[in-house]
Amino acid sequence: MSRANEEVEAVLQEYADLIAISGGEGFRARAYEKAARAIGGHPADVAGMGVDGLREIPGVGRSIAAKVVEYLRSGRIGEVERAREEIPAGVRELIAVPTLGPRKAMVLHEELGISSVDQLAEAVRAERLRDLKGFGERTEENILHGIDLLRRAGGGRVLISTAMDEAERIVAALLAVGGCVRCAYAGSLRRMRETIGDIDVLVAAERAGPFMDALAALPDTAEVIAHGGKKTSVRTREGLQVDLRVLPPESWGAGLQYFTGSKAHNIRTRRIAVRRGLKLSEYGLSDAETGRTVASETEEEVYGRLGLPWIPPPLREDRGEIAAELRGELPELVEERDIRGDLHTHTDLTDGLAPLEDMVAAAAARGYAYYAVTDHAPDLAMQRMTAEKILAQRARLRALDRRHRGMRLLHGTELNIGPDGGLDWPDDFLAGFDVCVASVHSRFDQSPEALTRRIVRACENPHVKILGHPTTRRIGRRPGLDADFDAVFAACARTGTALEVNSHPERLDLCDEDILRAKRYGVRFAIDSDAHSTTHLPYLRYGVGTAQRGWLTADDVINTWPLTRLRRFLAKGRGRA
DNA sequence: GCCGTTTTCGGCCCGACTGTTTTCAGTCG
């Protein structure tokens, strides 16, 4: 997604929050929210667009288009600036705490003068909230729990998508600097961890100075934290730290290996080096006695001299990858190019942003062999789905399918798993879909026993082929369900239900560790984007990264299979109805 | 603030849950 769209989305969302906090008209706040989302998910770059072009985006009218133009020209919006003066930034921060919304945030600010999460935590500890109308003991507990979640999952870390966008911009800029032999990001980003603390960027070049200067001069760089001969650290406007290291070209492989980590993986590789009379550092693999370098230019050489094949970065977590490699049992990991189609996506018939035709065209452009459209079923009442509407969509999709050579369209739905495990369409209606995803969207607080029964029952429905975002966690917002997932994984294996690896950067659900656990039950997986706009289809890379961290092969993942094999999987068990 | 085979006003995605209340406001999906 382009940078301007993201910036505009952020500033409009901020304005929506400020309107809501200041007690403005609710529909006005929602109009800004809607426009923010629409621009964020709009496929074309809004930079350089005029009022007329902007107004063609659904949800953007005269007033918002004018504000966006003002922002694109000057980097600021007068009305937003005025709203910022009224409401301290810290008050807006409060609504990031789960269970706190704009109304409560304003009460806390007006009655107690609270304008930061730290002050809020302190006020709860001092029991100052209890006397406020609408606040009680449970509210205090929920707020403390919410702050804890925010800090634990956040902890200064950002979502992988945020870090990836930034890292790719930086790498592209540094590749353009004269004398650049190689440039890449390393660290936890290269290992595809779900959240990223800081970005490590490496350059191979003879002279370091020009790259250090180039990084410091990037428009995203807010401040230079450290500026040395070998390493420069900056903080971006989004508060993300970037460490740049420039290596001599002959040390590239050793440096990349060292700075990719993880620390635990490196300790293990260094130990192997020692046993072979070698010493491994960021400058190279060398003979412990003579100091002569024996390998350093590529990672393959470094691993090779340690008696190992090259190990893909997502596996470098010291989870037994080296021992497995030595036994010749390291999996051949699924890769993004193995993915033949997406099996969980939405359109504007429910809460997606783009029409069916646009989503299908964007999927075709990605070279997919098949593509499933899975809009929400009626239980998510806000989507107002009906049998008539989804059947009309099916007719449109079938007609579209006839026009698309090379890509087959599948008609599906994302069902809601009710509190008792029931689904929101009867079995005979479900039989008409090519693929049914079923997911939990509410009632997260049931007992572990009830949650487990509920999910297992949904998997036992013969029409359910994919369990969508199985734990329903949202990174930094909500923990996963407290269900017995070993029982769920066993049920999926028994019923032929694939577990989703949802690729949305806020979800990544299942996560790497759950995938490792589930795989032992012999379950299949589906790596899906859960796209709500054409710009979300590429999120798939994060799902693939997560799957790699979970040691999945292409064969484990049903949407790497040819369509005939996938269809057999989707049809299996339907006789049990 | 946006939108319109309801077109310049009057609707706007709706329902459930929670914790606080004693009839409902706030939050969430």
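Residue numbering restarts at 1 for every chain, and letters A, B, ... go by the order of the sequence lines.
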| query | For B:dC12, what is the paired nucleotide under Watson-Crick or G-U wobble rules, both distances under 3.5 Å? | reply | B:dG1

| Axial cation check for A:Tyr32 ring with A:Arg37, 6.0 Å and 45° limits | no

| request: Give a yes or no on whether the backbone of A:His532 and the side-chain of A:His536 come within a donor-acceptor separation of less than 3.5 Å. | output: yes

| field | Nearest to side-chain heavy atoms of A:Thr139, which nucleotide of B:dG1, B:dT20, B:dT27 | value | B:dT20

| request: Show the numbers, then the answer: is there a side chain to side chain contact (heavy atoms under 4.5 Å, CB included) between A:Phe485 and A:Thr471? | output: CA-CA 8 Å; A:Phe485 275 97; A:Thr471 78; 3.9 Å; yes

| request: For A:Glu79, enumerate each residue passing the salt bridge (Lys or Arg N to Asp or Glu O under 4.0 Å) test, keeping only those at least two apart in sequence or located in another chain. | output: A:Lys67

| request: Check every strand shown and say whether A:Arg443 touches a base, only sugar-phosphate, or nothing at a heavy-atom separation below 4.0 Å. | output: sugar-phosphate

| remark: Checking B:dG1, B:dG29, B:dT27 against the side chain of A:Tyr32 (C-beta onward), the nearest is B:dG1

| field | Worked check of salt bridge (charged side-chain N to carboxylate O under 4.0 Å, His left out) between A:Asp420 and A:Arg454 | value | CA-CA 5 Å; A:Asp420 59 353; A:Arg454 173 185 181 190; over 6 Å; no

| field | Of residues 55-64 of chain A, the positions that come close to DNA chain B - non-hydrogen atoms, cut-off under 4.0 Å | value | A:Pro58, A:Gly59, A:Val60, A:Gly61, A:Arg62, A:Ser63, A:Ile64

| Mind checking the C1' distance from B:dG26 to B:dT21? Whole angstroms is fine. | 13 Å

| query | For the side chain of A:Arg103, counting heavy atoms from C-beta on, which of B:dT27, B:dG19, B:dG1 is nearest? | reply | B:dT27

| task | For B:dC17 and B:dC12, measure between their C1' atoms and round to the nearest Å. | result | 23 Å

| query | To the nearest angstrom, how far is A:Arg37 atom CZ from B:dG29 atom P? | reply | 14 Å

| message | Please tell me if A:Arg28 has a side-chain N or O lying less than 4.0 Å from either OP1 or OP2 of B:dC2. | response | no

| Within the distance-only criterion (no hydrogens, no angle test), does the side chain of A:Asp512 pair as donor or acceptor with the backbone N or O of A:Arg549 below 3.5 angstrom? | no

| said: Whole angstroms only, please: what is the CG-P distance between A:Leu132 and B:dT21? | reply: 11 Å

| message | Please pick, from B:dT18, B:dG29, B:dT27, the nucleotide with the shortest atom-to-atom distance to any side-chain atom of A:Phe444. | response | B:dG29

| request: Would you mind reading off the distance between A:Asn416 atom CG and B:dC13 atom P, rounded to a whole angstrom? | output: 20 Å

| Protein-nucleotide distance (A:Glu141, atom CD; B:dT18, atom P), rounded to Å | 14 Å

| query | Are A:Arg541 and A:Glu336 ion-paired here, with the side-chain N under 4.0 Å from a carboxylate O? | reply | no

| For the side chain of A:Pro98, counting heavy atoms from C-beta on, which of B:dG26, B:dG29, B:dC28 is nearest? | B:dC28

| request: Check the distance between B:dT18's C1' and A:Glu137's CD and give it to me in whole angstrom. | output: 16 Å

| said: Using a 5.5 Å cut-off between ring centres and planes within 30 degrees, is A:Phe27 stacked on the base of B:dC12? | reply: yes

| said: Base, sugar-phosphate or nothing for A:Arg130? Non-hydrogen atoms, less than 4.0 Å. | reply: nothing

| request: Whole angstrom is fine here: how far is it from CD in A:Glu33 over to C1' in B:dC13? | output: 12 Å

| Nucleotide of B:dT20, B:dT27, B:dC17 approaching A:Asp445 most closely (side-chain heavy atoms) | B:dC17

| query | Mind checking what makes side chain to side chain contact (heavy atoms under 4.5 Å, CB included) contact with A:Asp482, not counting sequence neighbours? | reply | A:Pro448

| said: Go nucleotide by nucleotide along DNA chain B from the 5' end; which of A:Ala65 and A:Arg30 gets its closest nucleotide reached first? | reply: A:Ala65

| query | How far, in whole Å, is B:dT20 from B:dC13 if one measures between their P atoms? | reply | 31 Å

| message | If I pick the P atom on B:dG1 and the same atom on B:dT6, what distance separates them, to the nearest angstrom? | response | 26 Å

| query | Of A:Ile95 and A:Lys133, whose nearest nucleotide on DNA chain B comes first from the 5' end? | reply | A:Lys133

| note | Of B:dG1, B:dG29, B:dG19, the nucleotide closest to the side chain of A:Asn142 is B:dG19

| request: Could you please spell out the steps behind the ring pair (Phe, Tyr, Trp, His ring centres under 6.0 Å) verdict for A:His504 and A:His469? | output: CA-CA 10 Å; A:His504 194 289; A:His469 44 75; over 10 Å; no

| Over how many whole Å does the gap from A:Leu353 atom CG to B:dC13 atom C1' extend? | 14 Å

